[in-house]
Every structure is written in C-alpha cells, then in structure tokens.
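For reference, the structure is listed below as structure tokens.
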Amino acid sequence: MSNRESAFQSKIIKTINKDYGICLKYNQDYKTKSGIPDLFAAINNKAIFIEVKTDDGNASDIQDAQMERIKKRATKYVYKIAPRDYNYLISELDKIKRGE
C-alpha cells in the first residue's frame, strides 16, 4: 500500500470515528480472506465496507468479486473510494447516520 493510500485510509477512519460511529481497518494476514475491503464501519446499526484506493489505483478482480458478494449477502453499503470520491463518501455516511 502506498503512503498516499495509507494517509487517505487514516483520514477516513478518523472522520468516521469522530463524527459517525466506529471504523476498523482489516489486518491482512494469512487468516484473512483475500479481497476483503480495507475498512469496516458501523454507523446507525448498519455495516459499511470501504475499499480504499488512490486516484489512479484499481481494485483487483478478487476485490471486486468480494465487494459484490458482500452486497448480495450482507449489506448494500459497500464502497470503493479514492481521494476524489471523499465528498461522495461523506454524503453517503451522512445519509446512513440520518437513517435514510
């Protein structure tokens, strides 16, 4: 992971923990299923998964497949976010917080 991606992840985590609910970062180790999104958040009793990328980064095929699997089986709140998408993410989190 690049320093830019790591810094952006930290920004998202801090924002969610301060203003919305709780946000945790997945640790990638041999026990973690490949392709799971980087961040998990809980806001207003909703599970939110966030895959963080740089503006020029792309999700792998396994990441895209896992995000679709999560959407179908667990929650519709699955996001692939790059810095250019930050305001969109905040607007989505605001809706979740308000219960929309």
Side-chain angles (χ1 to χ4, degrees):
M1 175 184 354
S2 73
N3 286 336
R4 289 185 341 203
E5 187 175 318
S6 178
F8 186 49
Q9 274 187 8
S10 293
K11 178 179 179 177
I12 293 170
I13 292 167
K14 287 176 186 174
T15 299
I16 292 173
N17 286 333
K18 179 179 179 270
D19 299 327
Y20 295 95
I22 187 167
C23 186
L24 307 169
K25 181 181 179 347
Y26 277 110
N27 288 323
Q28 296 293 342
D29 63 20
Y30 70 96
K31 295 179 184 178
T32 304
K33 189 155 181 75
S34 295
I36 296 297
D38 299 311
L39 305 176
F40 170 77
I43 301 168
N44 199 18
N45 295 317
K46 304 287 188 280
I48 297 104
F49 293 84
I50 304 168
E51 177 62 33
V52 179
K53 295 295 176 193
T54 59
D55 279 328
D56 56 349
N58 294 308
S60 67
D61 290 342
I62 187 97
Q63 288 172 323
D64 284 335
Q66 287 289 22
M67 287 185 284
E68 284 304 312
R69 185 171 179 243
I70 291 167
K71 282 181 189 177
K72 288 179 183 175
R73 296 185 178 182
T75 180
K76 67 180 182 177
Y77 304 107
V78 181
Y79 301 95
K80 185 173 17 177
I81 299 296
R84 67 176 171 264
D85 306 315
Y86 182 75
N87 290 334
Y88 167 74
L89 176 64
I90 294 303
S91 71
E92 291 293 301
L93 297 179
D94 285 340
K95 289 177 192 174
I96 295 167
K97 185 177 178 180
R98 290 190 306 263
E100 295 178 18

- Which pair of heavy atoms, one from K97 and one from N44, lies closest together, and at what distance? O-ND2, 3.4 Å
- Task: Check whether any side-chain heavy atom of Q63 lies under 4.5 Å from a side-chain heavy atom of K53, and answer yes or no.
- Result: yes
- Task: Could you check Q66 against K71 for side chain to side chain donor-acceptor pair (under 3.5 Å), going step by step and ending with a plain yes or no?
- Result: CA-CA 9 Å; Q66 287 289 22; K71 282 181 189 177; over 6 Å; no
- Taking everything shown except R98 itself, do over 12 heavy atoms lie less than 6.0 Å from its CZ? yes
- Is there side-chain contact between I48 and I43, with heavy atoms separated by less than 4.5 Å? yes
- Query: How are the rings of Y26 and F49 set to each other: parallel, tilted or perpendicular (split at 30° and 60°)?
  - Reply: parallel
- Within a reach of under 6.0 Å around CG of D61, are more than 12 heavy atoms found that belong to other residues, nucleotides or ligands? no
- Query: Hey, does I12 have a side-chain heavy atom less than 4.5 Å from the side chain of L39?
  - Reply: yes
- Task: May I have the step-by-step check of side-chain contact (heavy atoms from CB on, under 4.5 Å) for K25 and I13, ending in yes or no?
- Result: CA-CA 8 Å; K25 181 181 179 347; I13 292 167; 4.1 Å; yes
- Minimum heavy-atom distance between K46 and Y77, given as atom pair plus value: CD-CE1, 3.6 Å
- Query: Can you check side-chain contact (heavy atoms from CB on, under 4.5 Å) on I90 and T15, steps first, answer last?
  - Reply: CA-CA 9 Å; I90 294 303; T15 299; 3.8 Å; yes
- The side chain to side chain contact (heavy atoms under 4.5 Å, CB included) partner of E51 among V78, D38, D64 is D38
- Are side-chain heavy atoms of I50 and P37 found at a separation under 4.5 Å? no
- Taking the side chain as C-beta and beyond, is there a heavy-atom pair between Y86 and K11 under 4.5 Å? yes
- Do you know which two heavy atoms are closest between N17 and C23, and how far apart they sit? OD1-N, 2.6 Å
- Hey, could you give me the CE/NZ distance between M67 and K80, rounded to the nearest 0.5 Å? 4.5 Å
- Task: Any pair with a residue in residues 3-24 that passes ring-ring contact (aromatic ring centres under 6.0 Å, His included), sequence neighbours left out, goes on the list, sorted by first then second residue, please.
- Result: none
- Contact summary for A47 and T75, nearest pair of heavy atoms: O-OG1, 2.9 Å
- Under a single-linkage definition using a 4.5 Å side-chain heavy-atom cutoff for Ile, Leu, Val, Met, Phe, Trp and Tyr, are I16 and I96 assigned to the same hydrophobic cluster? yes
- Task: Rounded to the nearest 0.5 Å, what's the gap from CD on E92 to CD1 on I81? Could you check?
- Result: 8.0 Å
